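First comes the structure, then the notes that go with it.
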Number of protein chains: 2
Amino acid sequence: MPKRADLSDTFCPVGRSAEILGDRAVLLILRDLFFGRRRFEAIAANTGLGPQLVSARLKLLVHEGVVERHAYQDRPLRHEYRLTAKGKDLFDVLYAMRNWAERWAYAPGETEGGPAMRYIHRACGADVGTSVVCPGCGEALHYGDLKGEPSAPLQAEQAARSGG
Amino acid sequence: MPKRADLSDTFCPVGRSAEILGDRAVLLILRDLFFGRRRFEAIAANTGLGPQLVSARLKLLVHEGVVERHAYQDRPLRHEYRLTAKGKDLFDVLYAMRNWAERWAYAPGETEGGPAMRYIHRACGADVGTSVVCPGCGEALHYGDLKGEPSAPLQAEQAARSGG
DNA sequence: TCTTGTCACTATGTTTATCATAGCTACAAT
DNA sequence: ATTGTAGCTATGATAAACATAGTGACAAGA
């Protein structure tokens, strides 16, 4: 990040969130972590970000208590990154971003009729569309309640990123 | 923004949102617009951002259809900035950011017991806390449904920014 | 008329972050 | 001994952010 005024001590809650979330790389890394990607190389490949940026942002997120670094094997020593409870609670933000984009960011027919990413409420099986409350059973939707299903174009894109 | 890979054509909805929202200045400007600040100088003063940054980001937001530039007087010609329908629909994202910060970003007692920014559901008068659904009447909360009341420390901070 | 003030910006130069590319370290497998 | 994998770090060019200053159009008061 460039030199900038520090707003981490503002009393505005949006300002405090913006200190962490107001960064493209952070948002893309969080998206991948929510998607289940935990390994450094997988995140770097899928986001298209350079390794120094991924490294710097993961360090920042660990420092902020949003992510934790965890050794998943000893020889050779390898680490993966996991969302903490504080990190998992960011789901609502990413989900709101997804909802907005599904409504506004695609040309007609670009995603072949349906959403780019479909979400199903695990508890009742309903397609939640782009709402914060399940249209089937009325429950508020949070981390863990939903099962995501990428559309065909999105699946193809992700496959191309990890393969090439 | 620095030189970066273009992700505006990704199929991932979070990626598309991140192209616009993954920027500290954009988030702060949107916050001020939601707060009712529509004039250039008011936004620049309250966010603490330099005028070129504010100018560049407002141009971007107008280009993206999130904000519209509107002349509010002729002599001298003066413009203000307003959220479009597409912009107002970003409320859910900013509200989710606020909710997260209220839960995780303050030291105990820092905001004197209550939230930094209290929200009241206009329809039923209930304090919504940090939920996406009104705890009083069960309705989903969106733009226009809520009345914000800044806490004393937040009010003092905003007064200092506009005054000094 | 001359000065002061307001609003919405634009211009300039320094500092700092990002990107692309390459390389490194530790180990496993062949 | 070579190749491969994972998780990074180093380097140099480019581009964006910051602080500071200045501009243009007008209004209001001395």
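In what follows, chains carry the letters A, B, and so on, assigned in the order in which the sequence lines appear, proteins first and then strands, with residues in each chain numbered from 1. This structure is a prediction, so every number in the text was calculated from the model and none was measured.
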Is there a path from A/L83 to A/L27 through hydrophobic residues (I, L, V, M, F, W, Y) whose side chains come within less than 4.5 Å of each other?
yes
Scanning both residues in full, the closest heavy-atom pair of A/E102 with B/P13 reads OE2-CG, 3.6 Å
Once you round it to whole Å, what is the distance between P of D/dC8 and CZ of A/R38?
16 Å
Summary of salt bridge (charged side-chain N to carboxylate O under 4.0 Å, His left out) pairs that have at least one residue in residues 35-55 of chain B, sequence neighbours excluded
B/D32-B/R37, B/R38-B/E80
Side-chain N or O of B/K59 closer than 4.0 Å to phosphate OP1/OP2 of C/dA8:
no
Phosphate OP1/OP2 of D/dC8 contacted by A/R69 side-chain N/O (<4.0 Å)
yes
Within less than 4.0 Å of OP1 or OP2 of D/dC8, is there a side-chain N or O belonging to A/Y81?
yes
Heavy-atom contacts under 4.0 Å between residues 61-68 of chain B and DNA chain C, which residues?
none
Interatomic distance where CD belongs to B/Q73 and P belongs to D/dA28 [whole Å]
10 Å
Do B/V14 and A/F35 belong to the same hydrophobic cluster, where Ile, Leu, Val, Met, Phe, Trp and Tyr are linked whenever their side-chain heavy atoms lie under 4.5 Å apart, directly or via other members?
yes
Parallel, tilted or perpendicular: which fits the ring planes of A/F91 and A/Y143, with parallel below 30° and perpendicular above 60°?
perpendicular
Spacing of A/F40 atom CZ relative to D/dC8 atom C1', expressed in whole Å:
6 Å
Between C/dT18 atom P and A/L28 atom CG, what is the distance in whole Å?
13 Å
Out of curiosity, does A/Y106 fall in the hydrophobic cluster containing A/Y95 (side-chain heavy atoms, cut-off under 4.5 Å, transitive links)?
no
Residue B/S55, side-chain atoms from C-beta onward, closest of D/dA6, C/dT10, D/dA17
C/dT10
For A/R24 and D/dA17, give me the distance from atom CZ to atom P, rounded to whole Å.
13 Å
Tell me whether A/R103 contacts the main-chain N or O of A/T130 through its side chain, where contact means a donor paired with an acceptor under 3.5 Å.
yes
Might you work through the side-chain hydrogen bond (donor to acceptor under 3.5 Å, both in side chains) test for B/D145 and B/H121, ending with a clear yes or no?
CA-CA 6 Å; B/D145 297 343; B/H121 191 202; 4.9 Å; no
Between protein and nucleotides 21-30 of chain C, map the contacts as a letter string: B base, S sugar-phosphate only, - none, heavy atoms under 4.0 Å, written 5' to 3'.
B----BSS--
Please report the distance, rounded to the nearest Å, between CD1 in B/I43 and P in C/dC7.
13 Å
Of the candidates D/dG7, C/dA8, D/dC18, the side chain of B/L53 sits closest to D/dC18
Keeping A/Q155 on the side-chain end and A/Q158 on the backbone end, is there a donor-acceptor pair under 3.5 Å?
no
Measure the distance from CG on A/L49 to C1' on C/dC19 and round it to the nearest whole Å.
10 Å
Euclidean distance, atom CD of residue A/E80 to atom P of D/dC8 [Å, nearest integer]
12 Å
Side-chain atoms of A/R57 come closest, of C/dC9, C/dT18, C/dC7, to C/dT18
